[in-house]
Amino acid sequence: MNTERNDAPAASNFIRNIIDDDNRTGKWSQRVETRFPPEPNGYLHIGHAKSICLNFGVARSYGGVCHLRFDDTNPEKESVEYVESIIDSVRWLGFEWEKNRTEHLYYASDYYDKLYEFAELLIQRGKAYVDSQSAEEIRANRGSATEVGTPSRFRERSAEENLDLFRRMKAGEFKEGEHVLRAKIDMASPNFNMRDPVIYRIRFAHHYRTGDAWCVYPMYDYTHCISDALENITHSLCTLEFEDHRPLYDWILNELAEAGIFKRPLPQQIEFSRLNLTYAITSKRKLLQLVTEGHVEGWDDPRMPTIVGVRRRGFTPESIQLFCERIGVTKVDSWIDMSVFEGALRDDLDDKAPRIAAVLDPVKLIIDNFPERLTEPCHAPVHPHHPEQGLREFPISRELWIERDDFTETPPKGYFRLFPGNKVRLRYGYVIECTHADKDENGNIVAVHCNYFPDSKSGTEGANNYKVKGNIHWVSAAAACPAEVRIYDRLFKEPQPDAGGRDFLEALNPDSKRVVQAYLETGAHHALPEQRYQFERHGYFVADRVDSKPGKPVFNRIVSLRDSWGKPA
Ligand code: ATP
Ligand code: MG
């Protein structure tokens, strides 16, 4: 597998080099205008984030603007729900499409009149014709990699006849598939996209914005370049699979420039490699399948690689931007390892996230010599590297919660935590010595007992008299914040779940979600939705933005402290 680990920030890339050259030659008079053109037929995913960070990032750093354009020419699959979530996701990622108080938010469907008008113009100029072959005939006559295509018997229709037929297509006089409009280019071209591509088809479908006004809809290749030119886009950045479409992009714009519609220079299409992330899927169709078949709990399930999913999981916009910077932009398709994405999150949150103690698999610890009614405050830094953020306070009392695996009756070699006769420090509290444990009738441990040394408190002089190897975290049973914590893991067991056309559902990780009832340090009572913490010794967690209630947070594990995937626990 070709995975890439690249930790250096991308200073420059081939796209910036092109823009720098254009600025040197004055091609666009120093103007940089890009666009991000999602089709509103699904939720954005992490692959789109790469395109968003690139398009908006480039525009921002050159003092230009990036348009948000909905490429909405497939009436059947598009909806307002998707439009709204896309707008929300791009904003959340930290980008805007406003410049000098002008909003650059566009819809390809707003160009239907113009697109239609230009199609008539191409017909009049002998550059497009109505083809009445069946879809199968058109396919069969396309030719192959070794054979040129066969011109349609309708290819030489007169402009008048074409215009009449095209107008009647628009008027709804024909059935779907009876006619299409094709660009008249070159049936012998080695590039299939140039063998008279279809640019309009009949569809009796309701469009979420234009309703039933149209029954002919323009194709993507025709719409995209014209939308770019209408919006004065300078650099049209897209993924590599469109490289073969570039001659068509240029042909259409050139023909319309010849007809006096567009001025030169014309927008330039530039391709870059798409993001493939291991242990994730970046196909809208497959993501939709995960949702509709109930393999996840919705588009914003914290295991989904959608923007709404990674947001709910707890990823920050800054970590996603950092990730996109680190992976850079190239023309070589490759797989990026999930650990690079998680690493960017850790690097962002290590500095930002306040620390708290959390016991995820609790068992009682009873300090037998601690006075029954006593509670004593303990203190710890909010953030170990930011003393200016001050101290947090939490009480210690006779009964505490500790992690079940911080106690064992029969310690393996190198185990320094609790076992009968051993001493450990309760982090930010006292040194204790373990005495014994209570068990139920099945032999399960229900409570661990210990005694404490009253002169050993952290931060006091006596603390130094005790040398212990183990240091465990804990929360006071009386003051703890009980909370549901969702321990998320990777959604797929395998790095390339859909490689080679394989059924990606077979690679689903059955342990990708585990729910535990945890006890958190008392301060967690006040956690607001989307507030992030480092749970000491465990990892980074966020208060779930949907299910948290005031005073009753629900937490999601964003990522563990270290990359331990695939390594023995
Ligand atoms: P579909 O999965 O339905 O084919 P798509 O992923 O291409 O669609 P669009 O809404 O057409 O989705 O994409 C909007 C923009 O995002 C396009 O410019 C596309 O090239 C870019 N994009 C999509 N997927 C990725 C990816 N994995 N990496 C980088 N850019 C991407
Ligand atoms: Mg697409």
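The chain is numbered in sequence order, starting from 1. Atoms within each ligand, like the ligands themselves, are counted from 1 in listed order.
When heavy-atom distances to ligand 1 are checked against a 4.0 Å cut-off, R285 has no atom that comes that close, whether in backbone or side chain.
Considering backbone and side-chain atoms together, P38 places no N or O closer than 3.5 Å to any N or O of ligand 1. For ligand 1, the polar-atom distance check finds no N/O of P37 at less than 3.5 Å from any of the ligand's N/O atoms. The shortest N or O to N or O distance between K50 and ligand 1 is not under 3.5 Å.
For atom 12 (O) of ligand 1, the nearest non-hydrogen atom from the set E39, E271, H48, K77 belongs to H48. Atom 20 (O) of ligand 1 has its nearest heavy-atom neighbour, among N41, T282, T239, I86, in T239.
Stacking of R69 on the aromatic ring of Y106 is not recorded, the 6.0 Å distance cut-off and the 45° axial limit not both being met. For the pair R486 and Y488, the cation does not sit on the ring face, since its NZ or CZ is not both under 6.0 Å from the ring centre and inside 45° of the axis. Figure legend: K170 and Y116 shown as a cation-pi pair, the cationic atom lying under 6.0 angstrom from the six-membered ring centre and within 45 degrees of its axis.
Within 6.0 Å of atom CZ in R31, more than 12 heavy atoms from other residues, nucleotides or ligands are found, so the atom counts as buried in its surroundings. Surrounding NZ of K27 are more than 12 heavy atoms belonging to other residues, nucleotides or ligands, all under 6.0 Å away.
When only modelled atom types and interatomic distance are considered, H235 and Q268 share no side-chain donor-acceptor pair under 3.5 Å.
Residue contact check for ligand 1: H45 places a non-hydrogen atom closer than 4.0 Å to it.
Near S51, the atoms of ligand 1 lying under 4.0 angstrom from a non-hydrogen atom of the residue are 16 (O), 21 (C), 30 (N).
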